[in-house]
Each structure stands twice: as C-alpha cells, then as structure tokens.
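Source: prediction; values computed, not measured. Letters A, B, ... mirror the listed sequences (proteins, then strands); counts begin at 1.
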Protein chains: 2
Amino acid sequence: MAHTSQPVVLLVEDEPAQREVLAYNLEAEGFRVVQAGNGEDALLLVDEDTPDIIILDWMMPELSGIEVCRRLKMRPDTRSIPIIMLSARAEEVDRIRGLETGADDYVIKPYSVLELMARARVQLRRVRPSTIGVVLEWDDIRLDPETHRVYRGNSVLKLGPTEFRLLSTFMEKPGRVWSREQLLDRVWGRDIYVDSRTVDVHIGRLRKSLMQNGGEDPLRTVRGAGYALG
Amino acid sequence: MAHTSQPVVLLVEDEPAQREVLAYNLEAEGFRVVQAGNGEDALLLVDEDTPDIIILDWMMPELSGIEVCRRLKMRPDTRSIPIIMLSARAEEVDRIRGLETGADDYVIKPYSVLELMARARVQLRRVRPSTIGVVLEWDDIRLDPETHRVYRGNSVLKLGPTEFRLLSTFMEKPGRVWSREQLLDRVWGRDIYVDSRTVDVHIGRLRKSLMQNGGEDPLRTVRGAGYALG
DNA sequence: CGGTTTTGTAACAATATGATGACATGGCCG
DNA sequence: CGGCCATGTCATCATATTGTTACAAAACCG
C-alpha cells in the first residue's frame, strides 16, 4: 500500500537493545529500516543503499556519530540526507556542536519515542513529500499522492500504476536526473530484476499520458545519463 | 560578511521583551529581522517580503502560532519556508502536534538562546543555495551535476555526454592542468583504449559548445602537458 | 628563417543510444 | 471463462555521439 517505494531510514546505534526499540517503532511508522552497529558500517551502508534519512547515535566506539555526520556532510552526494543526532550529552555546547557539524536535528536521550518519530517524519517530509500525502506540483502538473490522481492544467490524467510511481519520483525532485538503475530501484523495487531498457518504454508511456490532452513534453532525456522532469 | 544577500528571518512573538532579546541575537547572527507581534501581521509580512525562515511563537492572542503555521504550510508558495516553533508547552502531545502541523523544528521555552541560534542556522543552511545542490561555478560558467545542466551567463548550453564529463572534470579543479592520459582515465574510464589524440578532438568540441553563444574560450592549451580550465 | 613538433579541426564511417510499435504473458474482475 | 488492462521484452528505426584520420595551422627551437 506504499504510494511509491517505502522510505528507508538508516539507524546507527551501537546498543542493540535501543536499536531494537527504535527499529520496531520506525517500521511501524512505515520505514524500511537498515541497521548499523558502528560508524564504519554506517558509512558503507550509505553507499550501498542510499537511505532517505539517518538516525545517528553520538556515542559509539571507534568512529563517533559526530565524525560520521561530519564525513557525510562533506560529501556532495550524501550531504543532503537529513541526519537526526541522538545523544545523552545534554550540555548546550554539545547540542550546538552537533548542529554545527551538519546535523539537521538533535535529540537528547532519554528521548520520547513518539517525539523522535515525529521528528523523523519532519525530515522525511522534506526529502520525500509524497510519502506523507503532500500534493506535488510542478508547472501545470499536480500529483495527489492521497487520491492517486494526476492533473494537468484542469483536466485529470489517466496513468497506469507504474507511470504514477515514475512521475512521483520525478516530482519529488524536479530537474534531477535519475539513471535507469535509480529508477528501477525506486519505482520497481530493490530486488526486482527487469531489463533497464524497460524504463525507456515506461518513460514513453508516461510521456504519452502526460500529453494526452496536448501540452509540451515535460520530461527531458539526458543522453547517457537518464531522465529528468523539466 | 554578508553572503549573496543578507538572510531574512521573520520573528513572530507577541511579548515585546522576548522579541527584543531574540531580535538582538538574530541580528548578531547576521540576519535581517522582520518583526510581527501577532499572527495576522505575520501572514501579511510573509507576502510582502518573503523571509528565509520564520520563528513563530505558539501562544499568541487571536491567531495562534500553530494556526499561522498551518496556513503557511498549506500554501504552495510558502510551504517550503522553514518554521521554528517556540512554545512553553512542554507536553509531548503539544510538541508532536507542532511538528505534525508542519513546523520544521520545535523549541521549548525557556530555551537556550545559543541553541535556538544554532537551530536557526540549521534551517537557513537548508534554504540557501549551498544545500539545494552542489553547483560548480567558474567565471560565468555554471555546471549542475544533479540536473546535468550547464549554463553560460544566462543561457543553457547543449553538450554531449563526453563533453559534459570533460567539463565536470575541469570544473572540479579550475586551473589544474590535466594530461591527455589523465583525462582519458577520468573521462573515458580506466580500461578503455582510445587514442590520446581523441582528447584533442573532444576538447575542440567542448570549446565549440562553450562558445556557442559567444564568449571567450575558457580552456587553455598547455603545450606538451595537456589542458586546463582558466 | 627553415625544420620539427604539437595542436586544431573538418569529414566520415562506425557505434551507441533512445524512441516506438508490436506482441506475449499474466493478473484481475465481472 | 473471457475480456481487459498493465507489464516486460524484443525488433526496428532514427539519430546523436564518437573515434579516427588526414591535413592545416600554430608553436617552438636552434
């Protein structure tokens, strides 16, 4: 029943018990949870399967959370992943240091699980608005994730399920170029094997659907790279 | 020390004394501060002079902060302005309600001024170009890796895939001289065999693309060594 | 100023890439 | 069961991109 593909959270916490509790709750929130018990693993997992958001414990043996945060925020390709830092350090200096390092939020242990979930949703809302039902708009195209309806101008468009998910992805980040592989991950699912040329065909179908009542083609083919909206 | 333009914060708080303190500190942080003493004024001021971020007191006579927040988050044109909610209500339900309403952060009174400033900077960091995407710039050339677009002045350039990768390489380290072999490695790939003279041809093509709308040739040939940008 | 080396570039053939129509499959619903 | 829709794959077509070569131009050197 996921509108598009399930949002992914990377949970980094060295204490297994705490990790369990959080993982359970995050799953209940609708996240797919990827877990790491230390900083090194976290960095590896980010490359392997880019998460939508990261929840990061400050205190960890070896690579501290703050160091992981610093590194991720230095890399252009991971910089924009929201990081929520968890910490038992309640001192003002620490909180400020965490935020200065690039963390997008800072939550003090012991935290309220409900509040943490709410803060996770806030970050998710930023990165993937459609997962929480925000209507996406671009130019004269409107996509309502709740009702699964797409409008262009003032007429309703008819799209198939795959085309809908494709368009959702594009509208999450207008202008961004998605490779066929990224689209397969996002639109089809991680462990589905389909030929990457299939993407072409669906792009074609999406184009036809978007132009069924006239109007310009809003999709851009980027030779050698993929496709983008606008 | 202002960046491109001074960031603007809209400060909404009905208690003049508190507002003063915050305004003072925000100005010290480098913000231009626009003040409102109630919700109605806040909504008017947003239209008049769109702020980069909003700091919003929950408890206000007439229009409450949460209502202002709700309204701003419903309008597509103001939805993306980050809102930091200030509140004396420490109850979990309230905090969650604030976040659910669309606030991007929720700070409990009495707050640490320094922490609030840090949180304001976090929100600002998001809105400012630096976070929106890493754009490489040199002179009047702009290259956006995310959208795969290249601009010169204010017109869009059309480049082929190889030319794009070439230019990306140059723009990552403007001024650096790259040998043909290094370029082959970097742009074509480590284990591809192509004549090194092919680089010349592509440099030529890149030059033509870069000058398609007039302008100087930004590439420099270094005899016996290779090529460089600028 | 030759002679030599290095670079620029037009032309062309080979290739890679994307668009599209057709088709077979499989699920779903009446 | 039969029709309908969505989907994935394939074959084919059109075109953009690419590598190479050959020759012209420029730079360098004594």
Side-chain angles (χ1 to χ4, degrees), chain A residues 1 3-5 148-150 156-170 177-212 216-229, chain B residues 148-150 156-170 177-212 216-229:
Chain A
M1 99 119 285
H3 292 140
T4 58
S5 73
H148 256 239
R149 257 196 254 274
V150 178
V156 181
L157 299 185
K158 181 177 161 3
L159 324 193
T162 309
E163 294 160 35
F164 181 84
R165 288 195 304 269
L166 249 187
L167 183 58
S168 302
T169 301
F170 284 127
V177 175
W178 300 80
S179 72
R180 293 184 173 69
E181 284 66 31
Q182 290 172 327
L183 291 172
L184 284 175
D185 261 19
R186 192 100 172 192
V187 174
W188 275 259
R190 266 148 254 269
D191 25 42
I192 304 281
Y193 162 72
V194 266
D195 194 293
S196 82
R197 293 274 134 222
T198 299
V199 175
D200 299 29
V201 178
H202 279 277
I203 290 284
R205 287 170 181 160
L206 175 56
R207 281 196 165 118
K208 201 196 298 194
S209 300
L210 287 172
M211 299 190 288
Q212 63 193 228
E216 285 300 297
D217 178 4
L219 297 182
R220 175 166 57 106
T221 301
V222 182
R223 214 160 222 267
Y227 300 93
L229 173 65
Chain B
H148 265 249
R149 277 206 166 99
V150 179
V156 181
L157 300 185
K158 185 185 159 350
L159 318 192
T162 309
E163 294 160 33
F164 182 84
R165 286 192 306 259
L166 250 186
L167 182 59
S168 301
T169 303
F170 284 126
V177 178
W178 300 78
S179 73
R180 293 183 174 69
E181 284 66 32
Q182 289 172 325
L183 290 172
L184 283 175
D185 262 18
R186 193 80 189 220
V187 174
W188 275 259
R190 232 159 272 281
D191 30 39
I192 300 284
Y193 148 79
V194 263
D195 194 298
S196 82
R197 290 304 312 282
T198 298
V199 175
D200 298 29
V201 177
H202 278 278
I203 290 285
R205 287 172 180 158
L206 176 56
R207 282 193 165 121
K208 192 174 355 176
S209 298
L210 287 173
M211 300 189 289
Q212 65 192 227
E216 286 300 297
D217 177 5
L219 296 182
R220 177 165 53 101
T221 302
V222 183
R223 198 159 225 265
Y227 299 93
L229 173 65

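The CG-C1' distance, from B/Leu206 to C/dT9, rounds to 15 Å in whole Å. In this entry the distance linking CZ of B/Phe164 with P of D/dT18 reads 13 Å, nearest Å. When the P atom of C/dT17 is taken as reference, atom CG of A/Asp195 falls 13 Å away, rounded to whole Å. The interatomic distance linking A/Asp200 (CG) with C/dT20 (P) rounds to 10 Å, in whole Å. As rounded to whole Å, 12 Å separates atom P of C/dT7 from atom CG of B/Leu183. Atom C1' of nucleotide C/dG18 and atom CZ of A/Arg207 are separated by 9 Å, given to the nearest angstrom. Taking atom NE2 on B/His202 and atom P on D/dG19, their separation rounds to 4 Å, with Å as the unit. Taking atom CZ on A/Arg220 and atom P on D/dA16, their separation rounds to 17 Å, with Å as the unit.
Side-chain N/O atoms of A/Arg205 and base N/O atoms of D/dG8 include a donor-acceptor pair closer than 3.5 Å.
Considering only side-chain N and O atoms, B/Thr221 lies nowhere under 4.0 angstrom from the phosphate OP1 or OP2 of C/dT6. Look at A/Tyr227 and you won't find any side-chain N or O under 4.0 angstrom from OP1 or OP2 of C/dT17. Taking 4.0 angstrom as the limit, A/Thr162 places a side-chain polar atom (N or O) nearer than this to OP1 or OP2 of D/dT7. Contact between the side-chain N/O atoms of A/Trp188 and the OP1/OP2 oxygens of D/dT7 is not found at any separation under 4.0 Å.
By the neighbour-count criterion of 12 heavy atoms within 6.0 Å, atom CZ of B/Arg180 is densely surrounded, having more than that number from other residues, nucleotides or ligands.
Picking from C/dG18, D/dT7, C/dG8 the nucleotide with the shortest atom distance to the side chain of A/Arg223 gives C/dG18. With distances taken from any side-chain atom of B/Val194 to the nucleotides C/dT9, C/dT20, D/dG19, the minimum falls on D/dG19. Listed candidates were C/dG18, D/dT7, C/dT7. Nearest to the side chain of A/Arg180 is C/dG18. Taking every side-chain heavy atom of B/Pro161 into account, D/dT17 is the closest of D/dT20, D/dT17, C/dA19. Closest to the side chain of B/Val201, from the set C/dG8, D/dT20, D/dG8, is D/dT20. Of the candidate nucleotides D/dG8, D/dG19, C/dT17, D/dG8 has the atom lying nearest to any side-chain atom of A/Thr198.
Looking at heavy atoms from C-beta onward, B/Trp178 lies out of side-chain contact with B/Leu229 at the 4.5 angstrom threshold. Inter-residue side-chain proximity for B/Thr221 and B/Arg207 is flagged as met; some heavy-atom pair is nearer than 4.5 Å.
Checked by atom type and distance alone, the side chain of A/Gln212 pairs as donor or acceptor with a backbone atom of A/Lys158 at under 3.5 Å. Side chain of B/Arg165 to main chain of B/Val187: a donor-acceptor pair is present (N/O by atom type, distance under 3.5 Å, no hydrogens or angles).
If one axis is set at each end of the helix from C/dC1-D/dG30 to C/dG30-D/dC1 from five pairs, those axes are 30° apart, to 10°.
In summary, of the residues considered (B/Leu166, B/Leu219, B/Val199), a side-chain contact (heavy atoms from CB on, under 4.5 Å) with B/Tyr227 occurs for B/Val199 alone.
Using a 30° and 60° split on the angle between ring planes, B/His148 and B/Phe164 fall in the parallel class, below 30°.
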Would you please test B/Asp217 and B/Leu210 for side chain to side chain contact (heavy atoms under 4.5 Å, CB included) and show each step?
CA-CA 7 Å; B/Asp217 177 5; B/Leu210 287 173; 5.7 Å; no
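Using a 4.0 Å heavy-atom cutoff across all strands shown, A/Lys158 reaches sugar-phosphate atoms only and no base atom.
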